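First comes the structure, then the notes that go with it.
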Amino acid sequence: MFVSILGDDAAREASLDGLQSAHGFLQSRVAQALRLKHTPTLSFGYDDSVDRGMRISQLIDTEAKPHE
């Protein structure tokens, strides 16, 4: 499962650590909700698409400014 986390690198690391530490609880809740014999194993990773989108937006803004 990819997650987007707003904040600096420390906040991202803390959030991913928190999700990983809650893995067992989250896994059991998903298993209860889906009622499957075998539930897919949850894993967490950082989704950097928001960072890339912001970088592209900055580049566009820079190029859109009138050149002096």
Side-chain angles (χ1 to χ4, degrees):
M1 178 176 303
F2 288 97
V3 294
S4 294
I5 301 165
L6 301 178
D8 60 10
D9 289 339
R12 292 176 190 151
E13 190 68 31
S15 296
L16 286 173
D17 287 345
L19 285 170
Q20 192 58 40
S21 70
H23 174 265
F25 172 76
L26 296 171
Q27 185 77 39
S28 67
R29 296 295 300 217
V30 168
Q32 289 172 0
L34 295 179
R35 298 180 187 209
L36 297 174
K37 187 172 184 175
H38 299 284
T39 307
T41 302
L42 295 179
S43 62
F44 303 99
Y46 178 65
D47 177 6
D48 67 349
S49 62
V50 172
D51 294 333
R52 287 184 285 130
M54 288 173 47
R55 176 69 181 138
I56 290 169
S57 183
Q58 287 174 342
L59 292 171
I60 290 169
D61 290 344
T62 300
E63 291 300 315
K65 289 181 182 177
H67 296 282
E68 296 179 11

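Quick note: residue numbers are just sequence positions, from 1. Fair warning: this is a prediction, and the values are worked out from it, not measured in the lab.
Applying the salt bridge (Lys or Arg N to Asp or Glu O under 4.0 Å) definition to pairs two or more places apart or across chains, those involving residues 41-57 are Arg12-Asp51, Asp48-Arg52. Within the structure, the salt bridge (Lys or Arg N to Asp or Glu O under 4.0 Å) test picks out no pair touching residues 14-43 (sequence neighbours left out).
A donor-acceptor contact shorter than 3.5 Å is absent between the side chain of Ser57 and the backbone of Gly53.
The side chain to side chain contact (heavy atoms under 4.5 Å, CB included) test applied to Thr41 returns His23, Gln27, not counting sequence neighbours.
Listed by chain and number, the hydrophobic cluster partners of Phe2 come to none, as no ILVMFWY side chain reaches under 4.5 Å of it. Annotation for Leu16: hydrophobic cluster partners, listed by chain and number, are Met1, Val3, Ile5, Leu19, Phe25, Leu26, Val30, Leu34, Leu36, Leu42, Phe44, Tyr46 (ILVMFWY side-chain heavy atoms under 4.5 Å, direct or chained). By the 4.5 Å side-chain criterion applied to Ile, Leu, Val, Met, Phe, Trp and Tyr, Val50 is assigned to a cluster that also includes Leu6, Met54.
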